[in-house]
K.L.:
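A single structure is presented below for examination.
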There are 2 protein chains.
Amino acid sequence: MAGLREHKKQATREALQTAALRLALEHGPGNVRVEEIAQAAGVSPRTYNNYFSSREQAIVSAITADRVTRTVAAVLHRPADVPLGVAVLDAVVPAYSGDPEASGAALLMVATTPALRTSYLDTVTGLEEPLAGAIVDRCGGVEALTARVLAAGVVAAIRVALEHWLRAATVPAALPGFVIPAGSLPEVVRAAVTALVPALNAAAPRPEPSG
Amino acid sequence: MAGLREHKKQATREALQTAALRLALEHGPGNVRVEEIAQAAGVSPRTYNNYFSSREQAIVSAITADRVTRTVAAVLHRPADVPLGVAVLDAVVPAYSGDPEASGAALLMVATTPALRTSYLDTVTGLEEPLAGAIVDRCGGVEALTARVLAAGVVAAIRVALEHWLRAATVPAALPGFVIPAGSLPEVVRAAVTALVPALNAAAPRPEPSG
DNA sequence: GCGAAATATTGCGTGCACGCAACTTTTGTG
DNA sequence: CACAAAAGTTGCGTGCACGCAATATTTCGC
C-alpha cells in the first residue's frame, strides 16, 4: 500500500489550513506569523512553504475548500443536450450558494483584509484549466483555444462577482456582527456569468444536428 | 508651474524601466539585483519599490509600454454605430500587431523566464478597469456589472492568447536567434477575442435606434 | 526483513516587499 | 522672499518566499 505518504500529506495540508484559519481568527490576520502556523501544525516553517506559497493561501484555502472540484463535476454532470451556457450557469451558481453559511466571521475577515481578498479571488483561477477541459469534453468539436477563452471568461466573471459582493462588506460601515447580504451572492454570480452565456452557446459547433 | 514634480517622477520611472531591461538583457534576468537597477537609475532601493512592487514589473513594463492606454483610446475612437464586439476586436488586435518587432531579444527573455512571463501576463489586467469604463461610455444603457464582466472577459481572452503564443517560444527548442512566429500574435488574439464577440454584441441594449 | 531508489522534511542563506518614521524637495500663499 | 503644507525619498527593521543541499522517511523489488 503506497497510500501512507499521500495520506500524511493530505493530513498535513489540512492541519495547516485549519491552524492558519484558527490563528487568523483568534489574533487577527495581521498578527499571525508563518512560524506560528507551522508550529501549530507540527511542521517546520520551511515545510509550510512547500504546501502553500504565501501566508494568505492557507487561510483562504480553508474557506474555499473543494469548490473548484465540485464546480467542475457539476458542469460535467449536466445532461449533454442542454446548451453550454445553461449548463455552466446551472453548475456555477449553486457552488456559490452554500458559501455564506459556512462561517460568517471568516468571510468578514477576508472581506476586510486586502491581502486576504486578493488571495481569495485568486483561488478562482484554479477553475480555469479543469473547466476548459470540461468544455472540450462536452462539445467535441470546439477549438482548444476557444474552450480556454470561455473558461477564462467564466473565471473572470466569477471573480468580478465576488469582488462586487465583497465590496458590500466594506462600504456600508462594516460593523462586527453585520455580515454580508447572504442570499445575494448566487444572484450576483448568476448575473455576471449570464453576460457571457451568448458566447458560451455560440461556441458549440452544432447543438442540434438537424434531421 | 506644478509640473516639475510629475515630470521628475515620470523621468525616474522611465529610467528604472530602461535600466531594468538593459541589465536583465546584459546579465540575464536571474542575475539582476534590485539594488543594481536602483543604482543605475540614481535612486535608492527603497524608492524602486515605490514605483514597482516587484523586481519583474519594471522589466516587463519597459516592454508593454503604453499599450493599455492605446487600446482604450482605440475602443473609444471606433464609430458609435458599429457593434461593440466589432469595435473591441478592431481596437484590441492592432494593439498586439506591432509587438514582435519591438525587440525580439527582450521578448525571448520574457518567454523563457517563468517569473517574467507571469508578470508580463499580469500587465494585461490593467486594461480591465478603463475598458469597462469605455464600454459603459459606448453603450449607455448597459449595467455596470455587465460591462465589468465583459471587460474582464476580454482581458482574460488576451491573456490566454498571449499564453498560447508564448508557449510557442519554449516548446520548439528555443534556439537563440529563433524568435517567435512573428505575424501570428494578432491572429491568435483575434481568434481568442472572437469567441467572446457574441456576448459583447448581446450586451448593447439597442444597437440601432430605429426611425 | 533488507537495501536501494524515490520522495518529503528541514536548516540555511539570500534577496525581496513593505510599514514606518525621519528627512528632503516641491508647491502654493502672503 | 519666507514659510508652511504637501508630496517624494531614504534607511531601517521585519517577515516572507524560495533555491539548495543535507537529512529523514516511505516505497518497492528481492
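Chain A is the first sequence line, chain B the second, and so forth, proteins listed ahead of strands; every chain is numbered from 1.
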K.L.:
Can you tell me the distance, in whole Å, between the CG atom of A:L23 and the P atom of D:dG15?
P.N.:
16 Å
K.L.:
Tell me the interatomic distance from B:H7, atom NE2, to C:dT26, atom P, rounded to whole angstroms.
P.N.:
13 Å
K.L.:
B:Y51 near the nucleic acid: base, sugar-phosphate alone, or nothing, with a heavy-atom cut-off under 4.0 Å?
P.N.:
sugar-phosphate
K.L.:
Going by distance alone, is a donor N or O of one side chain under 3.5 Å from an acceptor N or O of the other, for A:T18 and A:E14?
P.N.:
no
K.L.:
Less than 4.0 angstrom between a side-chain N/O of A:T47 and OP1 or OP2 of C:dT9, yes or no?
P.N.:
no
K.L.:
Examine the side chains of A:S44 and A:T47 and answer whether a donor and an acceptor come within less than 3.5 Å of each other.
P.N.:
yes
K.L.:
Rounded to whole Å, please give me the gap between CD in B:E35 and C1' in C:dA17.
P.N.:
15 Å
K.L.:
Think A:N49 has a side-chain N or O under 4.0 angstrom from the OP1 or OP2 of D:dA17?
P.N.:
yes
K.L.:
Run the numbers on B:L200 and B:V154 for side chain to side chain contact (heavy atoms under 4.5 Å, CB included), then give the verdict.
P.N.:
CA-CA 9 Å; B:L200 288 165; B:V154 171; 4.2 Å; yes
K.L.:
Can you name the nearest heavy-atom pair linking A:L16 to A:A58, along with the distance?
P.N.:
O-CB, 4.4 Å
K.L.:
Quick check: on DNA chain C, is the nucleotide nearest A:Y48 upstream (toward 5') of the one nearest B:R33, or the reverse? Name the residue that is more 5'.
P.N.:
A:Y48
K.L.:
The side chain of A:K9 is closest to which nucleotide in this list: D:dA17, C:dA17, C:dA8?
P.N.:
C:dA8
K.L.:
Within this structure, what is the CD-to-P distance between A:Q39 and C:dT10, rounded to whole angstrom?
P.N.:
12 Å
K.L.:
If you draw the axis of the six-membered ring of B:Y120, does the NZ or CZ of B:R159 fall within 45° of it and under 6.0 Å from the ring centre?
P.N.:
no
K.L.:
What is the separation between atom CD on A:E56 and atom C1' on C:dA17, rounded to the nearest whole Å?
P.N.:
12 Å
K.L.:
Nearest-Å distance, CG (B:L16) to P (C:dC16)?
P.N.:
14 Å
K.L.:
Nearest to the side chain of B:S44, heavy atoms from C-beta on, is which of D:dT9, D:dC16, D:dG11?
P.N.:
D:dG11
K.L.:
Assign each of A:S53 and B:N50 to its nearest nucleotide of DNA chain D by heavy atoms, then name whichever residue's nucleotide is nearer the 5' end.
P.N.:
B:N50
K.L.:
Does D:dG8 have its OP1 or OP2 closer than 4.0 Å to a side-chain nitrogen or oxygen of B:K8?
P.N.:
no
K.L.:
Take the protein atom CG of B:N31 and the nucleotide atom P of D:dG19, then report the distance between them rounded to whole Å.
P.N.:
15 Å
K.L.:
Choose from D:dG8, D:dT25, D:dT10 the nucleotide whose nearest atom is closest to any side-chain atom of B:R46.
P.N.:
D:dT10
K.L.:
Mind calculating the distance between CZ (B:R5) and C1' (D:dA7) to the nearest angstrom?
P.N.:
4 Å
